[in-house]
Amino acid sequence: LMERLPQCTRDKLQELHLGYNNFTGTLPSLTGHFTNLIILDLCDNNLIGGIPPELGHLSGLTTLYLCNNHLNGTVPTKIGALTNLTSLDLSNNNIISGVITKEHLVGLMSLKEIDLSFTNLSVVVDADWIQPFRLESAKFASCHLGPLFPVWLHQQLLQITLLDISSTGLVGNIPDWFWSLSKAAYLDMSYNQLNGNLPAHMSDMAFLVLNLSSNKLIGQIP
C-alpha cells in the first residue's frame, strides 16, 4: 500500500494512521521516503516479523504506535536515534523479546509516554545512568524488570502520572525513595513479590487508582 502512493505524496505525508484494520505481512522500512512523517500508527493489525532498524532514520517522528500486532524479534537500538519521539507503544506483541538497554533510550530526549506492556522484553538500565527524558506515562506490565527494584525509576518519579509495573518479577522491599511520586494518579504494582510496610503518611499523594494486590505487604494500612 505505501509503495503505491505517489512519490510526491510520500514526501509530503506527515501523519499515517492505518490502525484497526487487517493488514498482514511485515513492517516496511520506509527508508528514502516519508521524510516528513510525524505520526506512524499501525496498531491493531496482523503484522508479523521484526521492527525495521531503518525506522530510526525517520528523524521527525513524534509518535510510533505498533501495538497489538504479532511482531517478533528484538527492538533495534536505532530507535534511540528518534530525538523528537514523545510517544512509543510496542505493547501486546508478546513475541517481541530481548533487552531494552541504554542504547535504545539514549537519544529519546523528548519521550513522555512509553508502553512495553505484554511483550517479552527485559529492561536493564544502569542505576547511575542519567536519563535524557522525563516520563509522564510508563507501562511495563508483564515485562521483566526484577528481581531487584529498578533504581533507574527514581529519576522519573517527579513528573510521572501513570505507572504500571505489575507482573514484572519484583522481589523485596519497596524503597523509601519510591514514594516521592507525588503526581501519580494511577499506580499498579500488583502481582509481584513485594514485601515490607507502606509509608505511614500517604495523604499528599495524588492517587485515583492504587493497585498493590497480590504481593506480600505487611503491617497496618495507613
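In this chain, residues are counted from 1 in sequence order.
- Annotation for P222 and A200: closest pair CB-O, 3.3 Å, computed over non-hydrogen atoms.
- In terms of modelled atom types and a separation under 3.5 Å, the side chain of N192 and the main chain of T168 share a donor-acceptor contact.
- The backbone N or O of N45 lies less than 3.5 Å from no partner atom in the side chain of N21, so there is not a single donor-acceptor pair.
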One pair to check against side chain to side chain contact (heavy atoms under 4.5 Å, CB included): L66 and I51. What are the steps and the verdict?
CA-CA 9 Å; L66 302 178; I51 300 173; 4.3 Å; yes

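- Put simply, the side chain of L105 reaches to within 4.5 Å of the side chain of V125, judged on heavy atoms.
- We find the OG-CG distance between S190 and L212 to be 8.5 Å, quoted to the nearest 0.5 Å.
- A heavy-atom distance below 4.5 Å is found between the side chains of I100 and V75.
- For the pair L135/L111, a side-chain contact is recorded, criterion being any heavy-atom separation below 4.5 Å from C-beta on.
- Counting all heavy atoms, side chain and backbone alike, P28 lies closest to P52 at O-CG, 3.7 Å.
- Grouped with V209 in one hydrophobic cluster are L162, Y186, the linkage being side-chain heavy-atom contacts under 4.5 Å among Ile, Leu, Val, Met, Phe, Trp and Tyr residues.
- Atom-to-atom distance recorded for T86:OG1 and E136:CD is 9.5 Å, nearest 0.5 angstrom.
- Using modelled atom types, no side-chain atom of H57 and backbone atom of E54 make a donor-acceptor pair closer than 3.5 Å.
- Listed for the N211 side chain is a donor-acceptor partner under 3.5 Å among the backbone atoms of S213.
- Using a 4.5 Å heavy-atom cutoff, the side chains of N94 and T119 are not in contact.
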Verdict with reasoning, I218 to N195, per side chain to side chain contact (heavy atoms under 4.5 Å, CB included):
CA-CA 7 Å; I218 61 173; N195 52 37; 5.9 Å; no

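- No side-chain donor-acceptor contact under 3.5 Å links N92 to the backbone of S117.
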Distance-only donor-acceptor hits, side chain of residues 127-134, under 3.5 Å, sequence neighbours excluded:
{"unit_1": "Q131", "atom_1": "OE1", "unit_2": "Q156", "atom_2": "NE2", "d": "2.5"}
{"unit_1": "Q131", "atom_1": "NE2", "unit_2": "W129", "atom_2": "O", "d": "3.4"}
{"unit_1": "Q131", "atom_1": "NE2", "unit_2": "W152", "atom_2": "O", "d": "3.2"}
{"unit_1": "R134", "atom_1": "NE", "unit_2": "Q155", "atom_2": "O", "d": "3.4"}
{"unit_1": "R134", "atom_1": "NH1", "unit_2": "Q131", "atom_2": "O", "d": "3.2"}

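- The CG atom of D115 sits 8.0 Å away from the CG atom of L90 when rounded to the nearest 0.5 Å.
- For the 3.5 Å distance criterion, the side chains of H144 and N120 qualify, holding a donor opposite an acceptor.
- In terms of heavy atoms, M205 sits closest to P199 at CE-CG, 4.4 Å.
- Of the inter-residue distances, the one linking H104 atom NE2 with L82 atom CG reads 12.0 Å to the nearest 0.5 angstrom.
- I174 and L148 are members of different hydrophobic clusters when ILVMFWY side chains are connected at heavy-atom separations under 4.5 Å.
- The heavy-atom pair separating L121 from S97 by the smallest distance is CD2-O, 3.3 Å.
- At a threshold of 4.5 Å between side-chain heavy atoms, the hydrophobic network of Ile, Leu, Val, Met, Phe, Trp and Tyr places I79 and V106 in one connected group.
- Tracing side-chain contacts under 4.5 Å through hydrophobic residues (I, L, V, M, F, W, Y), one reaches W177 starting from L145; they form part of the same cluster.
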Report task. Apply the test side chain to side chain contact (heavy atoms under 4.5 Å, CB included) to residues S137 and K139: give CA-CA distance (whole Å), side-chain angles for both, the deciding distance (0.1 Å), then the verdict. Result -> CA-CA 7 Å; S137 174; K139 299 178 182 179; 4.1 Å; yes

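- Residue N69 comes nearest to L42 through the heavy atom pair ND2-O, 3.0 Å, listed as atom of the first residue, atom of the second, then distance.
- Looking at D41, its side chain does come within 3.5 Å of a backbone N or O of C43 through a donor-acceptor pair.
- Across all non-hydrogen atoms, the minimal contact from L181 to I160 is CB-CG2, 4.4 Å.
- A donor atom on one side chain and an acceptor atom on the other are found under 3.5 Å apart for S87 and E113.
- At distances below 3.5 Å, not a single donor-acceptor pair connects side-chain atoms of T83 with backbone N or O atoms of G107.
- Enclosure of atom OH in Y191 is not indicated, since only 12 or fewer non-hydrogen atoms of other residues, nucleotides or ligands lie within 6.0 angstrom.
- The closest donor-acceptor contact from the side chain of D164 to the backbone of L187 lies at 3.5 Å or more, if one exists at all.
- Residues L88 and I38 are members of separate hydrophobic clusters, defined by side-chain heavy-atom contacts under 4.5 angstrom among Ile, Leu, Val, Met, Phe, Trp and Tyr.
- Y65 has its side chain out of reach of L40: every pair of non-hydrogen atoms, C-beta onward, lies at least 4.5 Å apart.
- Here the side chains of S142 and F118 are in contact, with some heavy-atom distance below 4.5 Å.
- Residues I165 and D188 have side chains not in contact (no heavy-atom distance under 4.5 Å, counting atoms from C-beta outward).
- Between W179 and M202 the shortest side-chain heavy-atom distance falls below 4.5 Å.
- Heavy atoms from other residues, nucleotides or ligands lying under 6.0 Å from OH of Y20 number 12 at most.
- Side-chain atoms of N46 never come within 3.5 Å of backbone atoms of F23 as a donor-acceptor pair (strictly under, hydrogens ignored).
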Mind running side chain to side chain contact (heavy atoms under 4.5 Å, CB included) on L163 and F178 for me, showing each step along the way? CA-CA 12 Å; L163 178 62; F178 180 78; 3.8 Å; yes

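- A distance of 10.5 Å separates OG in S59 from CG in L37, rounded to the nearest 0.5 Å.
- One hydrophobic cluster, built from ILVMFWY side chains closer than 4.5 Å, holds both L64 and L13.
- A donor-acceptor pair under 3.5 Å is absent between the side-chain atoms of N36 and the main chain of K12, judged by distance alone.
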